[in-house]
*Asks:* 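Please find one structure pasted underneath; my questions will follow.
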Amino acid sequence: MIMLQLPLKRVAKSTRVFVPHSIFILNTPSPYIHHHYQHQFYPAATSTQIAVVDEAVGSCFNAKDVVFSFKEWFKRGNIVLLDRIFEVLSAHDEDDANSRLAADLALSQLNLRLSESFVLTVLDHGARHHEVLSCLKFFDWAGRQGGFHHTRVTLHAIFSILARAKLMSLVLDYLADYGKHRYCYNVSFYNVLVMGYAVAGKPDVALQVFGRMRFKGLDLDGFSYHVLLNALVEQSCFDAVEVVEKQIFNGGFENDITYSILVKNLCKQNLLDEAEAYLRDLVSRGQPFSGGALAIIVDALCKKKQYGKAMELMEEFKQWGLAPMNDAYGACLGNLVQAGKVEGALEFLWDKKSLEGYVPHLFRYNILLCKLLRESRLKEVCDLLTDMKENDISPDKVTMNAALCLFCKAGMSDVALELYNSRDEFGLSPNSLAFNYLINTLCGDGSIDEAYRVLNNSINQGYFPSAKTFSILADALCREGKIDRMKELVFNFPEKNFRQRDLIVDKFISALCMAQRVEDGYLMFGDLNRLTKVATRNTYVNLIHGFINISKGDFAARLLIEMQEKGYHATPAMFRAVVICLCNMENPITQFFKLLEMQLSRHEPNCHIYNNFIAGAGHAKKPELAREVFEMMHRSGIEPNISSDILMLQSYLKSQRISDASNFFCDLCQRRNVGRKLWNAMVVGLCKANRIDMALDIFTKMKSAGMVPSNECCEEVVKLLCSGGYYDLVVNFINELEKQGRRISSFIGNTLLFHSLRTQELYEAWVLARGVQDETSSIAMLGQLIGAFCGRLRVSSEHIERWEELIEPCFPLNLYTYNMLLRRLSWNHIDHACQLFNRICQKGYEPNQWTYDILIHGLVQHGRTAEARRREEEMFMRGFDPTVKNQRYPFDW
């Protein structure tokens, strides 16, 4: 048997951006598995979660051998006959008499040997694949075949399937008409009614039927009694449970199933200690005992997070050796996985396997496989699949899909594609996740035609690709110039799936716009209009932003108006973006005022409409247009609101028209009371215009007028003072904030630390103004951090590890803070820097380009090029490129 291993594979840089969530194994002495952290389907991982293959694969690796090995294994779980049955059932309409006859004929031609066990197998297969109505069709067909009669077990099976699918009404309708179908069954009429109502969640009706039976001197059989008892427990009818329990014991129907249900009854009432005592009492009295009763208690304990107690209980009963422990072990394993305790689940599994030869049920393996795939723990997935093969466990579709996803994540697209192409041999039906992975991986390998074929197959099978997957494929087709392929997909899409078709159109046009092929997207948009197909709002939005990106504001404005005519809402941000684009075109005035007039004609004139155009003109540094709109408001009899004043003021400041801004501000102050927002806007605008004297003057007047500056206002003042080197004023400003009891914001704290990395002057100004006394306030601690960052204060290794804790009382940390910490540590303490990088990930932050860039640069400076190479590959996988600084240190790949 060929052991499941992953091949050594060199990563081509050309594929690093186009292979989301692929796993590569580098050709290094200790191979690493890298993965893309930002994949659509699974949560982001950290560098500590990168799987490592312990044993390198030799040069004898052959992809064909792996494909052959898995094909042979998958064929053990071949269920082609069952799939064929459900294909026939799903292809025929039950309401059409001719279609129903054709289905009967097709099923008869399969020469099925009907028996209770075979019918149960078919029903179980359909239930696991959610083919509920097809199960019902098969059940009805089987009951009409000569020589076969449904039993109480098959009846219970179909009732349970319908109940789990929340189709209790079908069960009730069936029971109401049961008399018409009685000839099909060798089961007591009353037994069927009791079972049916019990399973359908109507235990009160079941009890009424049971009462009528007993009045007539009839009794249930043992099977029906247990169905009723179990239903009463599930519905928490505890008083009735005692009554039925007595009837079971009086009739001599008790067995290990009875005791298991009674144990469940105690657990349902949260009487776990009583349940344990009851089980021990059964053992002491020598009553029939199965592992099912123990599994029920173990499951209840685990759900209450009492894993230790569950382990002790299993160990106790294992010592008695009365029954197999597989059910109890399975319950514990399943709960550990569902609770996210994957490490504990793996340890439990391998421990029980090595000591007792425990082999989990197939669905336990599948749950663990899916969980490990979500966490990109490929080595453990390989181990589990190998273990399943060695234990001759026949895989089902979930297992096959997990294996397919594994090969895709490992970058083994050739193996994954070959298994996919051979799917009919062993009945593999890829699920949506497997389709997404396969398409993504094929795009990454440049197999665009294969990816397109898989996409078509997935849609034909009813699986619609995710937005991310579709964008990746559309982007790849755009790069290859295969636009006709996508048009073929869009315009040939089944009309009955119009919603999916609209999604495809939207995603394709979006991908064309992202690929700077807006004109092609617009042509497709025109084709849709000619076919009288209504475009979605997202299609309009994507096209509008696409034309804005290529500076064609006239097209964007035209689409904006058409979008409104279709009844779609346009946001203020979109309006402003279109206006900005119009203002940046040649001869913008005509288009600008044409759009404004159309908006005023469509809606009742109000400040909101005018403000959008003032804001757009201001951002485009066209204050004269903004002023004209502002004056139009006055002429139209509309009084500008505070937002209008702020936007007009900002339009002057952004264009460096400081005197006009000052005159406008003074004019407003003379005409009416100016609020805090306008003062803040004036200070912030002057700071951004680098007018430090005027900004400080307005800031002082603002405080004199009794107004409290906003956080943004304070932040911009500190930033401007630091940029100008006025560190003495910065320290005075911080002192003022301390007196006012205002906490330092993250922006201000980060600004101070940033300038501390560049110069010691800030710390010198701090010492001069505040002294070096041992203060314990957060502001004083900030001074010590500034000294440590600039290198004037020596920091012990103990304090280096606690820098995050030292910063936290001073101001809230964010990713920018961590990046500066990383830069400071990477100078002299690269080990601490690496530890900090891992903590950043563990705290839930997503490292950005600068995080990677800082760490890679530090590793190279300390001669740790192998680790830097690994970090750079992670950086590539996340779609980031190194800065010019790091490009001066190329790695030998």
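The residues of the chain are indexed from 1 along the displayed sequence.
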*Asks:* Please determine if Arg627 and Glu624 form a salt bridge, counting it only when a charged side-chain N lies under 4.0 Å from a carboxylate O.
*Replies:*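 No, Arg627 and Glu624 are not salt-bridged.
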*Asks:* Please step through side chain to side chain contact (heavy atoms under 4.5 Å, CB included) for the pair Cys581 and Val578, ending with a clear verdict.
*Replies:* CA-CA 5 Å; Cys581 190; Val578 173; 5.7 Å; no
*Asks:* Apply the side chain to side chain contact (heavy atoms under 4.5 Å, CB included) test between Met820 and each candidate in Leu815, Ile854, Ile807, Leu757; give the one that qualifies.
*Replies:*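 In the set Leu815, Ile854, Ile807, Leu757, the residue that makes a side chain to side chain contact (heavy atoms under 4.5 Å, CB included) with Met820 is Leu757.
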*Asks:* What's the shortest heavy-atom distance between Arg742 and Cys714, and which atoms?
*Replies:*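 Result for this residue pair: NH1-SG, 3.8 Å.
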*Asks:* Distance from Glu565 atom CD to Leu559 atom CG, nearest 0.5 Å?
*Replies:*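 Output value for this atom pair is 11.0 Å.
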*Asks:* Atom CD1 in Ile548, atom CG in Leu543: separation rounded to 0.5 Å?
*Replies:* 11.0 Å
*Asks:* Please confirm whether the backbone N or O of Arg676 pairs with a side-chain atom of Asn680, one donor and one acceptor, at under 3.5 Å?
*Replies:*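 Between the backbone of Arg676 and the side chain of Asn680 there is a qualifying donor-acceptor contact (under 3.5 Å).
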*Asks:* Would you call the rings of Phe613 and Phe592 parallel, tilted or perpendicular, taking 30° and 60° as the class edges?
*Replies:* perpendicular
*Asks:* So, for Tyr540 and Phe525, is the gap between ring centers shorter than 6.0 Å?
*Replies:*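 Yes; Phe525 has its ring centre under 6.0 Å from that of Tyr540.
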*Asks:* Does NZ in Lys654 sit with more than 12 non-hydrogen atoms of other residues, nucleotides or ligands closer than 6.0 Å?
*Replies:* yes
*Asks:* Return the SG to CD1 distance between Cys810 and Ile748, rounded to the nearest 0.5 Å.
*Replies:* 13.0 Å
*Asks:* Between Asn612 and Ala615, is there a donor-acceptor pair closer than 3.5 Å when you use the side chain of the first and the backbone of the second?
*Replies:*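 No, Asn612 side chain to Ala615 backbone: no donor-acceptor pair under 3.5 Å.
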*Asks:* Would you check if the side chain of Ser662 reaches a backbone N or O of Ile658 as a donor-acceptor pair within less than 3.5 Å?
*Replies:*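 Such a contact is absent between Ser662 side chain and Ile658 backbone.
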*Asks:* Between Leu813 and Glu804, does a side chain to side chain contact (heavy atoms under 4.5 Å, CB included) hold up when you go through it step by step?
*Replies:* CA-CA 8 Å; Leu813 288 82; Glu804 297 160 79; 4.2 Å; yes
*Asks:* Looking at every non-hydrogen atom in both residues, tell me the closest pair between Leu752 and Leu762 and how far apart they are.
*Replies:* O-CD2, 3.5 Å
*Asks:* Between Arg635 and Glu628, is the closest basic N to carboxylate O distance under 4.0 Å?
*Replies:*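 Arg635 and Glu628: salt-bridged.
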*Asks:* Holding to ring-ring contact (aromatic ring centres under 6.0 Å, His included), I want the full list of residues that pass it with Tyr652, two or more places apart in sequence or in another chain.
*Replies:* none
*Asks:* Can you give me the closest heavy-atom contact between Lys621 and Ser655, atom names plus distance?
*Replies:*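 It is CA-OG, 3.3 Å.
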*Asks:* Roughly how far, to the nearest 0.5 Å, is CG of Leu653 from CD1 of Ile646?
*Replies:* 11.5 Å
*Asks:* Suppose we screen for side chain to side chain contact (heavy atoms under 4.5 Å, CB included). Which residues come up paired with Ser659, at least two apart in sequence or across chains?
*Replies:* none
*Asks:* Check Leu649 against Phe664 and note the closest heavy-atom contact, atom names and distance.
*Replies:*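 Scanning both residues completely, I find the closest heavy atoms to be N-CE2, 4.0 Å.
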*Asks:* First locate atom OH of Tyr568, then atom CD of Glu562, and finally report the distance between them rounded to the nearest 0.5 Å.
*Replies:*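 The distance works out to 10.5 Å.
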*Asks:* Lys594 and Glu597: salt bridge (Lys or Arg N to Asp or Glu O under 4.0 Å), yes or no, with the steps?
*Replies:* CA-CA 5 Å; Lys594 180 181 177 181; Glu597 289 171 8; over 6 Å; no
*Asks:* Minimum heavy-atom separation for Val683 and Cys713, please, with both atom names.
*Replies:*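 Of all heavy-atom pairs spanning Val683 and Cys713, the closest is CG1-SG, 3.4 Å.
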*Asks:* Is it the case that the side chains of Asp697 and Thr700 hold a donor-acceptor pair, with the cut-off being a distance below 3.5 Å and no angle test?
*Replies:* no
*Asks:* Would the Phe811 and Phe747 ring centres measure less than 6.0 Å apart?
*Replies:* no
*Asks:* Taking Arg824 for the side chain and Phe789 for the main chain, is one N or O donor matched with an acceptor at less than 3.5 Å?
*Replies:*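 A pair under 3.5 Å: yes.
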*Asks:* Start with the C-alpha distance between Asn641 and Ser644, add both sets of side-chain angles, then the distance that settles side-chain hydrogen bond (donor to acceptor under 3.5 Å, both in side chains), and finish with yes or no.
*Replies:* CA-CA 5 Å; Asn641 57 20; Ser644 309; 2.8 Å; yes
*Asks:* Is it true that atom CD of Glu808 has more than 12 heavy atoms of other residues, nucleotides or ligands lying nearer than 6.0 Å?
*Replies:* no
*Asks:* How long is the straight-line distance from CZ of Phe593 back to CG of Leu595, given to the nearest 0.5 Å?
*Replies:* 11.0 Å
*Asks:* Return yes if a side-chain donor-acceptor contact under 3.5 Å exists between Tyr727 and Thr759, otherwise no.
*Replies:* no
*Asks:* Is the backbone of Pro812 close enough, under 3.5 Å, to the side chain of Ser746 for a donor and an acceptor to pair up by distance?
*Replies:*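 Yes, Ser746 side chain to Pro812 backbone: donor-acceptor pair under 3.5 Å.
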*Asks:* Give me the atom names and distance for the closest heavy-atom approach of Cys583 to Leu625.
*Replies:*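 Scanning both residues completely, I find the closest heavy atoms to be SG-CD1, 4.0 Å.
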*Asks:* Test side chain to side chain contact (heavy atoms under 4.5 Å, CB included) on Met574 and Met563 and set out the steps.
*Replies:* CA-CA 12 Å; Met574 182 181 292; Met563 175 181 169; 4.0 Å; yes
*Asks:* If you count the non-hydrogen atoms of other residues, nucleotides and ligands that lie under 6.0 Å from CZ in Arg517, is the total more than 12?
*Replies:* yes
*Asks:* Do Asn848 and Thr851 have side-chain N/O donor and acceptor atoms under 3.5 Å apart?
*Replies:* yes
*Asks:* Decide side chain to side chain contact (heavy atoms under 4.5 Å, CB included) for Glu716 and Leu720; before the verdict, give the C-alpha distance in whole Å, the side-chain angles of both, and the deciding distance to 0.1 Å.
*Replies:* CA-CA 6 Å; Glu716 290 297 333; Leu720 182 61; over 6 Å; no
